[in-house]
Amino acid sequence: MHQAIGIIEIKGLASAITVADTMAKVANIQIVDTESAKGFGWITVKVEGDVAAVNAALEAGEQTAITTDSYIAKKVIPRPGEEIFTVFWPKEQTEPEKPVETKLIVEPENVAVSEVKAEATCNLCHDPLCPRVKGDPRQDCIHFEEEK
């Protein structure tokens, strides 16, 4: 049986995250769910725990939200009836997914090795008959006079 539940409505996602973080750090509560409202960017943060812990958490959350001007409303319900949980706190019974084992098969590729040796050519004229190689003086290029 749950001892207390609390809800706090906040404007904006960033403010709701900040408020939820503050509430979790201040008191021994569990953050159950967040719910987005349609319009206005309101977000409801739902918590549960002991009555005193939920009260303390919501007070701290309210103060945090007031400093950022994002506070809307809060409510603590001590000793809630079980009907509340079936309507407002529906818990989906989901089984954790089983990890799927996959085998990675790596086949080596046959890469053809080129046995043609590249001839050193001039990087100025790109003529394979030119004796100049990259790094040699430009005057060694057979086309040096033509390029002037």
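Any value given below was found using the heavy atoms of this structure, including those in side chains, with hydrogens, waters and symmetry copies removed.
A continuous path of ILVMFWY side-chain contacts below 4.5 Å connects Val45 to Ile66, so both sit in one hydrophobic cluster. Side-chain heavy atoms closer than 4.5 Å link hydrophobic residues (I, L, V, M, F, W, Y) into clusters, and following such links, even through other members, never connects Ile17 to Phe40.
Taking 4.5 Å as the limit, some side-chain heavy atom of Ile84 sits within range of a side-chain heavy atom of Ile5. Side-chain contact between Glu35 and Lys46 is present, with at least one heavy-atom pair separated by less than 4.5 Å. Residues Pro131 and Ile142 form a side-chain contact, since some pair of their non-hydrogen atoms from C-beta on lies under 4.5 Å apart.
In this structure, Leu13 CG and Ser70 OG are separated by 11.5 Å, a value rounded to the nearest 0.5 Å. To the nearest 0.5 Å, atoms OG1 (Thr34) and CD1 (Ile7) are separated by 13.0 Å.
Of all heavy-atom pairs between Arg138 and Arg132, the closest is CA-NE, 3.7 Å. Considering all non-hydrogen atoms of both residues, Gly61 and Ile8 come closest at C-CD1, 3.8 Å. Across every non-hydrogen atom of Ile10 and Ala65, the tightest pair is CD1-CB, 3.7 Å. Of all heavy-atom pairs spanning Ala24 and Ile31, the tightest one is CB-CD1, 4.1 Å. Contact between Leu58 and Gly6 at its shortest, heavy atoms only, is CD1-CA, 3.8 Å. Ala4 and Val54 make their closest contact through O-CG2, 3.9 Å (heavy atoms, listed as atom of the first residue, atom of the second, distance).
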With a cut-off of 3.5 Å and sequence neighbours excluded, list every side-chain donor-acceptor pair involving residues 71-78.
unit_1, atom_1, unit_2, atom_2, d
Tyr71, OH, Lys74, N, 3.3
Lys74, NZ, Glu59, OE2, 2.3
Lys74, NZ, Glu62, OE1, 2.9

Review point. How far apart are the C-alpha atoms of Ile29 and Met23, what are their side-chain angles, what is the distance that settles it, and do they pass the side chain to side chain contact (heavy atoms under 4.5 Å, CB included) test?
Key: CA-CA 8 Å; Ile29 51 118; Met23 291 192 305; 4.2 Å; yes
Check your understanding: Yes or no on side chain to side chain contact (heavy atoms under 4.5 Å, CB included) for Asn28 and Asp50, after CA distance, side-chain angles and deciding distance?
Key -> CA-CA 8 Å; Asn28 187 17; Asp50 293 337; 5.6 Å; no
Exercise for review: Give the C-alpha distance, both sets of side-chain angles, the deciding distance and a yes or no for side chain to side chain contact (heavy atoms under 4.5 Å, CB included) between Thr18 and Thr68.
Suggested key: CA-CA 10 Å; Thr18 305; Thr68 60; over 6 Å; no
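The main-chain N or O of Leu129 is found under 3.5 Å from a side-chain atom of Asp127 such that the two form a donor-acceptor pair.
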